[in-house]
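Written below as structure tokens is the structure these notes are about.
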Amino acid sequence: MSKGIENPAQKTLVLGGTGKTGSRVVQRLTECSWPVRIGSRSANPAFDWLNEATWEPVLQGVDAVYITFQPDLAVPGAVASIQSFVKTAVETGVRKLVLLSGRSEPEAEACEQIVMKAGVDWTILRASWFNQNFSESYLLDPILAGYVTLPVGNVAEPFIDVDDIAEVAVAALTENGHTGQLYELTGPRLLTFEEAVGEIARTTGRSIQYEPISMSAYAAMLKEYDIPEAFVALLTYLFTEVLDGRNASLADGVERALGRKPTDFSDYVRKTAIAGVWN
């Protein structure tokens, strides 16, 4: 749903420009010939959240920024980093900030407030759990192995497709009418992780078992596989705090921003299965 295109001479910085949502935002902006700069450690100039000296060079000549924080706004130090980055961005001349946030995370909501109070145009994208975590992230290997073990039982989540997130982000970055909007982005229905894995199994014709286990057992398993302590701590937080049932509700952010329904999990599964990701 077009709300009027803004000045296409405005350069946009996409942080996490090689990540799940960022790469898709970059692709869409490039396809519509919108000036874009990728913010990543591998880009030139490079951007690194852990090195503030890299921030100002990538912000030079930039009018808008799509902000994603790795690995999550819930990790220690994220709020301070967002505070410092937003201050630097505004001082450098940035006039619009679009933040990818998470549902029901106090730290994420603190970051939202920083962006809202920065004194420039802002849009918040508060997203639920990504569909693509099953195909482009840490759940891919267990699915390929045919055995998914997670510390979550009968709790439902409105999984959101990252292509929908990217489309909303691009609308917020390039169209009028999205300033001052907080879009809560969810899929169109609730699914438990077991139901989601079941859909993948049925569509691919593969046998994929799902087993809920305790958080302590899951953390111990991750440590056996030499998963970094910081990532174990993040997953522990997400599975115990965010996936406790508080987010088992649908929101209308995609429809408000784009004028259409969000992508259903089944459509995502069919598309991904055809691409052969789970073969």
Side-chain angles (χ1 to χ4, degrees), residues 1-3 5 12-34 36-40 64-73 98-103 108 123-140 143 156-175 177-178 181-191 193 195-197 199-200 203-204 247 250-279:
M1 182 173 64
S2 176
K3 301 190 179 185
I5 301 299
T12 295
L13 170 65
V14 179
L15 299 184
T18 58
K20 288 190 197 72
T21 67
S23 62
R24 289 165 165 87
V25 170
V26 168
Q27 180 183 353
R28 284 165 171 78
L29 290 173
T30 302
E31 286 172 353
C32 64
S33 301
W34 197 275
V36 61
R37 177 177 293 159
I38 294 174
S40 74
V65 185
Y66 176 60
I67 304 174
T68 65
F69 187 87
Q70 296 299 324
D72 193 274
L73 290 173
V98 178
L99 175 71
L100 178 63
S101 183
R103 297 177 91 201
T123 308
I124 305 296
L125 313 185
R126 189 185 285 171
S128 57
W129 206 273
F130 298 171
N131 290 347
Q132 279 73 9
N133 284 337
F134 293 96
S135 54
E136 299 177 22
S137 193
Y138 58 94
L139 294 178
L140 174 59
I143 287 173
E157 174 74 9
F159 298 105
I160 179 74
D161 199 279
V162 295
D163 284 307
D164 286 351
I165 298 172
E167 194 171 331
V168 174
V170 169
L173 290 163
T174 64
E175 297 175 359
H178 301 283
Q181 294 294 320
L182 191 161
Y183 293 125
E184 195 157 347
L185 306 178
T186 74
R189 63 189 170 110
L190 292 164
L191 286 164
F193 277 80
E195 289 169 340
V197 170
E199 283 209 26
I200 295 170
T203 302
T204 58
N247 289 322
L250 305 179
D252 63 353
V254 172
E255 193 164 8
R256 282 174 50 220
L258 302 178
R260 65 163 175 81
K261 296 288 187 184
T263 301
D264 189 83
F265 188 77
S266 294
D267 295 327
Y268 152 75
V269 171
R270 280 193 293 270
K271 180 180 176 182
T272 307
I274 290 170
V277 175
W278 293 313
N279 291 347

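Sequence positions, counted from 1, serve as the residue numbers for this chain. No hydrogens, no waters, no symmetry mates; every other heavy atom, side chains included, goes into these values.
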For the residue pair P188 and D264, what are the closest heavy atoms and their distance? CG-OD1, 3.5 Å

Using modelled atom types only, decide if a donor and an acceptor are shared between the side chain of E157 and the backbone of W129 within a distance under 3.5 Å. yes

How far does CD1 of I143 sit from OG1 of T204, to the nearest 0.5 angstrom? 8.5 Å

Can a donor-acceptor pair be found between the side chains of T174 and W34 at a distance below 3.5 Å? no

Can you tell me how far the CG atom of L15 sits from the OG1 atom of T21, to the nearest 0.5 Å? 10.0 Å

Angle class for the F193/F134 ring planes (parallel below 30°, perpendicular above 60°, tilted otherwise)? tilted

Nearest atoms (heavy-atom pairs only) where G187 meets S128: N-OG, 4.3 Å

Donor-acceptor pair, side chain of R256 and main chain of A251, under 3.5 angstrom: no

Locate the shortest heavy-atom distance separating L140 from S135; write the atom from each residue and the value. CD2-O, 3.5 Å

Under the 3.5 angstrom rule, does the side chain of R103 hit a backbone N or O of N247 as a donor-acceptor pair? yes

From L185 atom CG to I165 atom CD1, the distance as rounded to the nearest 0.5 Å: 6.0 Å

Using the rule side-chain contact (heavy atoms from CB on, under 4.5 Å), only one of T123, V36, T12 pairs with L173; which is it? T12

Note: D164-R260 ion pair, threshold 4.0 Å (strictly below): yes

Atom pair OG1 (T186) and CG (D161), whose distance is rounded to the nearest 0.5 Å: 12.0 Å

Between the side chain of T68 and the main-chain N/O of L100, is any donor-acceptor distance below 3.5 Å? no

Taking only residues two or more places apart in sequence or in another chain, which ones pass salt bridge (charged side-chain N to carboxylate O under 4.0 Å, His left out) with E195? none

I want to know whether Y268 and F159 have ring centres closer than 6.0 Å. no

For R28, all residues meeting salt bridge (charged side-chain N to carboxylate O under 4.0 Å, His left out), sequence neighbours excluded: D163

Can you check side chain to side chain contact (heavy atoms under 4.5 Å, CB included) on V98 and H178, steps first, answer last? CA-CA 10 Å; V98 178; H178 301 283; over 6 Å; no

Atom pair CD1 (I160) and CD (Q132), whose distance is rounded to the nearest 0.5 Å: 9.5 Å

If you define the side chain from C-beta out and look only at heavy atoms, does anything of L139 sit under 4.5 Å from F130? no

